Protein chains: 2
Amino acid sequence: MKRPTIHDVAAAAGVSRGTVSRVLNGDRYVSTAARLATERAIAETGYVVNRTARSLVTQRSGSVVMVLSEPHEKIFEDPNYSTSIRTSIRRLAERDLSLVMMIAGDAGDRDRVLRYVKGGHADGVLLLSTHAGDPLVDALHDVHIPVVSLGAVIGRENVIPYAACDERGGAQQMTRYLVEQGRKKIAMITGPMDTPGGIQRLEGFTDVLGRKASKKLIEHGDWTRLSGESAMARLLERSPDIDAVFAASDVMASGALTTLRAAGRRVPEDVALGGFDDSDVAMSTHPALTTVRQPLAEIAERTLSILLDLIDGAEHVPSVALPTQLIVRDST
Amino acid sequence: MKRPTIHDVAAAAGVSRGTVSRVLNGDRYVSTAARLATERAIAETGYVVNRTARSLVTQRSGSVVMVLSEPHEKIFEDPNYSTSIRTSIRRLAERDLSLVMMIAGDAGDRDRVLRYVKGGHADGVLLLSTHAGDPLVDALHDVHIPVVSLGAVIGRENVIPYAACDERGGAQQMTRYLVEQGRKKIAMITGPMDTPGGIQRLEGFTDVLGRKASKKLIEHGDWTRLSGESAMARLLERSPDIDAVFAASDVMASGALTTLRAAGRRVPEDVALGGFDDSDVAMSTHPALTTVRQPLAEIAERTLSILLDLIDGAEHVPSVALPTQLIVRDST
DNA sequence: TTGAAAGCGCTAACAC
DNA sequence: GTGTTAGCGCTTTCAA
């Protein structure tokens, strides 16, 4: 049999389609009798609203797009995505909103996202890992749709609200700790310099070290394990007497660890190694990584809250930066 | 200004809405003149089709749901998800289908998924990590919607088509290799026994070892690192003279490694350690893990192909099991 | 408090 | 080849 429509329910309940719609949407102008009859009819017929039809008239899609702006290959290499995605799905589901995932790695992808949003198929956009200068950000903003970012969008901090950890403060914690441990020559492996984690963790590093944070002691990675390995190799070649390294992510730290070990350096005896994120890998390396924990689940929660507020019509919602925590393990 | 509709385009092009619809949908009965005028009008007005309106009449949603059946907390702990999700999004986007993600951890979740699908909001369902006996599987099957699973659904192998690696063969490869290396007392840490990876990798293990695969040498984990640690501890306590361990996943192997090291066992000298998946962690442990590579990207591709064929109306599409490859590193 | 009816934007059948 | 038109299933005035 065909799927029952509001029409069938109305017939079964002996009321009009308008009334059925009213009880469906919790309108208060419905008599108890009509409501009861309708509810019974809904149960009997096994009726399920057709969101498509509803969307057509309400102009609301009932879904949110999550845009992953990382180039294809690297997406998800970062273990941090997991928590964010899980949290987003859950929070959205509570509001009966669904999560549509899109990748925006190249121009074609960005175009697809834009068409999708312009087509009115999303009530909000959740940006992940957006790099500075991404044209999609402004394009999206022009569409006048609620947009939020998990982690700041460099250069658009004031136009796209976000929730993030205190990147700079976290990096300061780690650097200060390394200094307090008596380390004299501390190097850093940063993330990409067009991401907040790349820029701000380096800022925190130089905040503490001042002029001791010389160019020679800084290398850039791209968050991958492999980039950590090679950055560490360059660092070691240039400054063999390094006695500490702060990698801007645990994954890169794990890469650096491989290089250090291959070079015959003992960790932490010869070189102390610090990571960032407190992701799963931090526990699986040997020695386990001293790292900076960022409250990922809470960041995701807050990001969603901002988006939902925006969708509910809030004009402007402030961004938030949550405190990090230094987790000392065996690598320092 | 309001978003232009097919009506505006028709007016601008000087044709009827029907004609616009025809060029939009690639109908062949359109004169070149009309087509050109329409295309120009589309460009001029910045028109984007409203999929909602289209869905309402075509009864097609233009999206596919990916259902993650893992209990909430564990989702994504498995690094294998990443590749699957990425591949799915990409393949679907090529067909202009979008990917909606839903979690089905508890009864309420399953109900939501079912309502969504029954509501006609998905043209197909992609199952991930479904456990044996999951009631959602049969419920979904009853809805008569294309359903495919990434990895077999235990107990429903013949009703839900799937793509997977040759789980059993892969486990045989590893076990045989361990035997060939001269290991005498080989233990195994399996996955959950209601998943294909849990069951079939153990089968491969016993296939090779025969009665030497005694109960004493088998422990069950749940794919997490922690479960690998504790399973290893139980194994060691029961049989201190173990000289090899085959963990059904790299993540669990990395947990086992921690326990082995804490117990003073050298890997691989005292105990050889094999994993499964060839995920990122396999390279980040020390020593790097010997493991069984499963062609994740291809498995995901094939899964999507099956689903798309089904959506295109194919009656029955055969499941596939792709060959694995033994990757020898330093842990054996 | 309720019913009737006008669309939301699009596709597809039909007539020309 | 092309225009016209009848819905797809729902919400939301407008009257009553």
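By convention in this document, chain letters (A, B, ...) are assigned in the order of the sequence lines, proteins followed by strands, and residues within each chain are numbered from 1. Keep in mind that what you see is a predicted model, and the values were worked out from it rather than measured.
- For B/V15, the listed nucleotide lying nearest its side chain is D/dG3; candidates were D/dT2, D/dG3, D/dT11.
- One can place CG of B/L56 at 9 Å from C1' of D/dG7, the figure rounded to the nearest angstrom.
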Next on the checklist: Does B/R51 form a side-chain contact (heavy atoms from CB on, under 4.5 Å) with B/D96? I'd like the steps, not just the answer.
Outcome noted: CA-CA 11 Å; B/R51 292 206 218 186; B/D96 214 38; 4.1 Å; yes

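- In this entry the distance linking CD of A/Q59 with P of D/dC10 reads 17 Å, nearest Å.
- A/T303 contributes a side-chain N or O that, together with a main-chain N or O of A/I299, makes up a donor-acceptor pair within less than 3.5 Å.
- For the pair B/T58 and C/dC10, the criterion of a side-chain N or O lying under 4.0 Å from OP1 or OP2 is not met.
- At D/dG3, one or more side-chain N or O atoms of B/T19 fall inside 4.0 Å of OP1 or OP2 (strictly under the cut-off).
- Salt bridge annotation for B/E94-B/R90: absent, with no cationic side-chain nitrogen under 4.0 angstrom from a carboxylate oxygen.
- Residue A/Y29 places no side-chain N or O under 4.0 Å from the OP1 or OP2 atom of D/dC14.
- With salt bridges taken as basic N to acidic carboxylate O contacts below 4.0 Å, none links B/D134 and B/R156.
- A/N25 has a side-chain polar atom (N or O) that falls below the 4.0 Å cut-off from OP1 or OP2 of D/dT11.
- A close approach under 4.0 Å does not occur between any side-chain nitrogen or oxygen of B/T52 and OP1 or OP2 of C/dC8.
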